[in-house]
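Notes for the one structure printed next.
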Amino acid sequence: MSVNLKLLNAFLLVAEHRSFRRAAELSRRSQSALSLQVRELEAQLGASLFHRTTRAVSLTREGEALLPHARRAQAELDAGLRRVRAAAAMEGGRVALGCAPHIAIVALPSVVAGFRLAHPDVAISIREALQAEVLEAVRRQDLDFGIGPRPANAPSLTFAPLREEAILALAPPRFAPRGARSIGLAALGALPLIVTAGTNSLRAMIEEAAASIGVSFEIRCEVQMPGTALALAEAGVGVAIIPDCHCPAAGSPASRYCRSPTRR
């Protein structure tokens, strides 16, 4: 049986509000027109969907049976329309994304270049901000999506992996194990560390990993940007814990990179 979507929408409006008058106001149709559409649907189905009195409107048994199916059908239709609109926007619209400044410099160029090849007509807006600000902008739908480390707790957002990175310890000579090319979490527990603060998932991840082997860290300094952590390590303040992508191609003579067993 083929049912006109306008008739189904009229049924849903009346069923949700239990009022022909209120449904007519919301749909900007006359009450008589809405009532006529409901009666047409009832005629097609061969069943009454509402009990009507001068004071109240309620669903019949058949109306109650139809309501959840009608809701699901409307939800599926709305979802399909959103996907079509999104696809159309991608063909000649605008996409807004956010990421931390260091990600914009290190990881974003190749991502944007690939996107531009696939969607040459789409304008791209990039907002560089701290991770917490990017997450909140995505929640508010000010940004279409963000790029950055996955936070420890963000149940309202969906994440997909983009790349995997090793985590390095940048250690001045007096802290670096002699001749070592890697350093374990247990050894890091005995060293003064420089980490990024705020909602950065890197700190949460390494602290969780350390706790699993009974190690706690001495946080010597907290910073917002990996570049600051690098500079402080170069000055001998402590050992900077940073993702591999933030390490310069050429190491400094004042420090040594030691690979940690942790990845993100």
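In terms of heavy atoms, L59 sits closest to A15 at CD2-CB, 4.1 Å. Residues P109 and A104 approach most closely at CD-O, 3.3 Å, considering heavy atoms. Across all non-hydrogen atoms, the minimal contact from V111 to I147 is CG1-CD1, 4.4 Å. Contact detail for G148 and I103: the closest heavy-atom pair is CA-CD1, 3.5 Å. Minimum heavy-atom separation, L8 to A70: CD1-CB, 3.8 Å. For the pair L34 and A24, the tightest heavy-atom approach, listed with the atom from each and the gap, is CD2-N, 3.5 Å.
The pair E76-R72 does not count as a salt bridge, with every side-chain nitrogen at least 4.0 angstrom from each carboxylate oxygen. Salt bridge status for R52 with E42: present, with a side-chain N to carboxylate O gap under 4.0 Å. Taking a cutoff of 4.0 Å between a charged side-chain nitrogen and a carboxylate oxygen, R127 and E133 do not qualify as a salt bridge. Salt bridge annotation for E25-R22: present, with a cationic side-chain nitrogen under 4.0 angstrom from a carboxylate oxygen.
In this structure the side chain of F217 never reaches within 4.5 angstrom of the side chain of I241, judged on heavy atoms. Between H17 and L26, some side-chain heavy-atom pair lies under the 4.5 Å cut-off. Residues V112 and I124 meet the side-chain proximity criterion, which asks for heavy atoms closer than 4.5 Å. Looking at V57 and H51, their side chains never come closer than 4.5 Å, going by heavy atoms from C-beta outward. The shortest side-chain heavy-atom distance between S48 and E62 does not fall under the 4.5 Å cut-off. Inter-residue side-chain proximity for L67 and L12 is flagged as met; some heavy-atom pair is nearer than 4.5 Å. The closest side-chain heavy-atom distance from L7 to V38 is not below 4.5 Å.
A donor-acceptor pair under 3.5 Å links the side-chain atoms of R116 to the main chain of V122, judged by distance alone. No donor-acceptor distance shorter than 3.5 angstrom exists from the side chain of T228 to the backbone of V223, with no hydrogens or angles considered. The main-chain N or O of A96 is found under 3.5 Å from a side-chain atom of D144 such that the two form a donor-acceptor pair. The backbone N or O of V237 sits less than 3.5 Å from a side-chain atom of R220, completing a donor-acceptor pair.
The number of heavy atoms from other shown groups lying within 6.0 Å of CZ (R39) does not exceed 12.
One hydrophobic cluster, built from ILVMFWY side chains closer than 4.5 Å, holds both I213 and V239. The hydrophobic clustering, which links ILVMFWY residues whose side-chain heavy atoms are closer than 4.5 Å, places L41 and L13 apart.
In this structure, F11 and F50 have tilted ring planes: the angle between them lies in the 30° to 60° band.
Residues R18 and S58 bring no donor and acceptor atom of their side chains to less than 3.5 Å of each other.
Across L230, I194, L232, a single residue satisfies side chain to side chain contact (heavy atoms under 4.5 Å, CB included) together with L170, and that is L230.
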- Message: What verdict does the side chain to side chain contact (heavy atoms under 4.5 Å, CB included) test give for Q37 and V14, after you've listed the backbone C-alpha separation in whole Å, the side-chain angles of each residue and the deciding distance to 0.1 Å?
- Response: CA-CA 11 Å; Q37 288 178 327; V14 177; over 6 Å; no
- Message: As a quick check of understanding, evaluate side chain to side chain contact (heavy atoms under 4.5 Å, CB included) for L188 and V215, giving each step before the final call.
- Response: CA-CA 9 Å; L188 287 177; V215 175; over 6 Å; no
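Atom-to-atom distance recorded for L130:CG and C99:SG is 11.5 Å, nearest 0.5 angstrom. Note that the CD atom of Q74 and the NE2 atom of H69 stand 15.5 Å from one another [nearest 0.5 Å].
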